[in-house]
Amino acid sequence: STRDWSSDVCSSDLDVSPVTFKVTSSEGDAPIENAQITVAGFAAVTNSAGEAVIELPDGEYKAQITAAQHRSAEADVKVEGSAADIPVEM
């Protein structure tokens, strides 16, 4: 018998979830605009609210965050099939 392999392909390999990074200053909690976020080969820049969204497949990642006049930061990111919010203080 021939087997229909197409039904066995796991589409979750391609599923991505939005990860929202909210970057704020460690002094006063003010949002940091134009912070560069790099994670798993993807990059984004925060808006005036200090937020940026990167869509990532399920997994665990380490994000690098840099911004002018701030110490660079790292954040652990875990994506498990749903949207995630990652607060970052710099």
Side-chain angles (χ1 to χ4, degrees):
S1 68
T2 57
R3 178 135 189 218
D4 180 8
W5 289 102
S6 63
S7 64
D8 291 344
V9 174
C10 184
S11 65
S12 67
D13 290 348
L14 304 175
D15 285 352
V16 294
S17 300
V19 177
T20 302
F21 293 86
K22 186 162 179 59
V23 183
T24 55
S25 170
S26 58
E27 302 167 14
D29 213 30
I32 298 175
E33 188 175 4
N34 294 324
Q36 301 268 346
I37 300 167
T38 310
V39 54
F42 298 95
V45 177
T46 58
N47 61 19
S48 60
E51 294 183 354
V53 177
I54 299 177
E55 294 201 337
L56 294 169
D58 286 3
E60 293 187 25
Y61 307 94
K62 186 156 300 269
Q64 309 283 333
I65 302 94
T66 57
Q69 291 146 15
H70 291 276
R71 223 178 255 270
S72 59
E74 285 191 341
D76 290 317
V77 180
K78 191 170 191 175
V79 182
E80 297 179 293
S82 60
D85 291 322
I86 309 296
V88 179
E89 275 195 358
M90 299 185 75

Tell me whether Y61 is reachable from F42 by hopping between hydrophobic residues (I, L, V, M, F, W, Y) whose side-chain heavy atoms are closer than 4.5 Å. yes
Enter the distance from T38:OG1 to I54:CD1 here, rounded to the nearest 0.5 Å. 7.0 Å
Where P57 and V16 come nearest, the two heavy atoms and their spacing: N-CG1, 3.7 Å
Side-chain polar contacts of residues 26-34 - donor-acceptor pairs under 3.5 angstrom, sequence neighbours left out - could you list them?
from	atom 1	to	atom 2	distance (Å)
S26	OG	M90	O	3.0
D29	OD1	T24	OG1	3.4

Do F21 and T46 come within less than 4.5 Å of each other through their side chains, counting heavy atoms only? no
Side-chain donor-acceptor distances from residues 63-83 under 3.5 Å, at least two apart:
from	atom 1	to	atom 2	distance (Å)
Q64	NE2	E74	OE2	3.1
D76	OD1	K62	NZ	2.7

Kindly state each residue pair satisfying salt bridge (Lys or Arg N to Asp or Glu O under 4.0 Å) with at least one member in residues 38-55, sequence neighbours excluded. K22-E51
